[in-house]
Amino acid sequence: MASYGTKDLTGKVCLITGASAGIGEAIAHRMVEAGAKVILIARRIAKLEEIKATLESTYPGAQVHCVKFDVKDLDQIGELRDGLPEEFRDIHILVNNAGVALGTPPAHENPIADVETMLRTNVSSVMAFVSTFAPGMVERNEGHIVNISSIAGHEAYPGGSVYCATKHAIDAYTTSMRHDLVGTNIRVTAISPGAVRTEFTLVRFGQDAEREDDFYKGFTPLNARDIADNVMYVTTRPQHVQVGDIVIYATKQSSAKSIAKNE
Ligand code: NAP
């Protein structure tokens, strides 16, 4: 039997939101390693520039473009697109990765400002990036949209009301979009991780390092590279294969609140 032919990403442009840390940073490494050109987007431009320097020294010939951008600035995404250098304009892979969870209060105590931040970052921005970049994919009849969702998009847990609602929204949006694009060559994928140790939980716990440390104590969580590996898997399948969703847990986790802490 002939060997299984995977998709070559050499020279393809991959835009990653939330690339200054965690999962986004890990995806950038794997994409550049695979020969893709990457656009890195986040608010902390100094971190993006550091990552760019590391990528360029690790992978000679790496093509990396950084943009300081707050994904909540929905009405400026068009400007961001129009300002991209010519060689980065035709986005082949859009990875909607930027996301936040803020706190774990019960639903009736959620600060309105946090509700607004989570909805705009995790939901509205994903939709706005798709509205801005997917028309070009449709025109070229090629592309892949990867939304980094969460197991919080598949279950709802106490203390996660807004975050779970945002990821459920992404799950529904991803499915609808797949229906809308079914007649094209554009693939649509969600990736839904369980606990991944990045800056995410520190941000969620308001930079309380002790609480964060306690959360991960006693089991081995996923790491950012595990999720980047999922992204590489889905984007390098042959063109006729469309992965809908990958739900990925640490071995000692079976739901948001079911973690076996015995290590
Ligand atoms: P992380 O380490 O906290 O990284 C989050 C990234 O998003 C950072 O690069 C941050 O960059 C960026 N970001 C946040 N708000 C932004 C904004 N308004 N504008 C632009 N960029 C923004 O978290 P992570 O774990 O890698 O999370 C990535 C995705 O995975 C998120 O969608 C999250 O919901 C999802 N996820 C995470 C876990 C987990 O346990 N870690 C589990 C399931 C799903 P700046 O601060 O520089 O802007």
Side-chain angles (χ1 to χ4, degrees), residues 15-30 38-52 66-74 76-77 80 94-102 104 113-114 116-129 146-155 157 160 162-171 173-174 189-207 209 212 215-216 219-231 245-250 253 255-257 259:
L15 185 156
I16 307 162
T17 67
S20 63
I23 294 169
E25 179 180 358
I27 296 168
H29 274 264
R30 289 292 301 275
V38 292
I39 302 168
L40 310 182
I41 290 177
R43 293 165 300 182
R44 288 172 293 175
I45 188 68
K47 290 213 74 176
L48 293 182
E49 294 293 355
E50 258 174 49
I51 292 165
K52 175 178 155 92
C66 301
V67 187
K68 175 182 163 61
F69 191 77
D70 186 330
V71 298
K72 298 195 298 309
D73 293 337
L74 307 180
Q76 285 170 39
I77 300 175
L80 178 149
L94 169 61
V95 185
N96 286 307
N97 167 73
V100 280
L102 298 174
T104 54
D114 288 357
E116 177 70 8
T117 298
M118 285 186 268
L119 286 170
R120 278 175 88 89
T121 309
N122 300 1
V123 184
S124 307
S125 91
V126 172
M127 296 172 181
F129 269 83
V146 181
N147 294 330
I148 305 299
S149 185
S150 170
I151 58 169
H154 295 266
E155 59 172 296
Y157 53 84
V162 182
Y163 184 66
C164 293
T166 66
K167 294 301 188 180
H168 273 71
I170 290 305
D171 183 51
Y173 179 69
T174 305
T189 301
I191 293 175
S192 302
V196 188
R197 195 163 192 179
T198 58
E199 294 177 7
F200 181 81
T201 305
L202 257 183
V203 171
R204 182 171 213 170
F205 293 166
Q207 303 298 327
E212 193 259 2
F215 178 78
Y216 292 110
F219 85 112
T220 305
L222 296 166
N223 60 63
R225 295 173 65 216
D226 297 320
I227 313 310
D229 192 55
N230 292 164
V231 175
D245 193 356
I246 292 181
V247 183
I248 173 173
Y249 298 93
Q253 180 175 32
S255 74
K257 297 291 177 186
I259 298 176

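Ligands are counted one by one from 1 in listed order, and the atoms in each one are counted from 1 as well.
- Near ligand 1, Gly18, Ala19, Ser20, Ala21, Gly22, Ile23, Ala42, Arg43, Arg44, Phe69, Asp70, Val71, Lys72, Asn97, Ala98, Gly99, Thr121, Ile148, Ser149, Ser150, Tyr163, Lys167, Pro193, Gly194, Ala195, Val196, Thr198, Glu199, Phe200 each place a heavy atom less than 4.0 angstrom from the ligand.
- The shortest side-chain heavy-atom distance between Ile227 and Asn230 falls under the 4.5 Å cut-off.
- Taking each heavy atom of Tyr163 and Arg204 in turn, the nearest pair found is CB-NH2, 4.0 Å.
- A search for side-chain contact (heavy atoms from CB on, under 4.5 Å) contacts involving Lys47 returns Ser20, Arg44, Glu199, not counting sequence neighbours.
- Side chains of Leu102 and Thr117 form a contact here, defined as non-hydrogen atoms less than 4.5 Å apart.
- Using a 30° and 60° split on the angle between ring planes, Phe215 and Phe219 fall in the perpendicular class, above 60°.
- In this structure, Phe129 and Phe69 have perpendicular ring planes: the angle between them is above 60°, well past the 30° mark.
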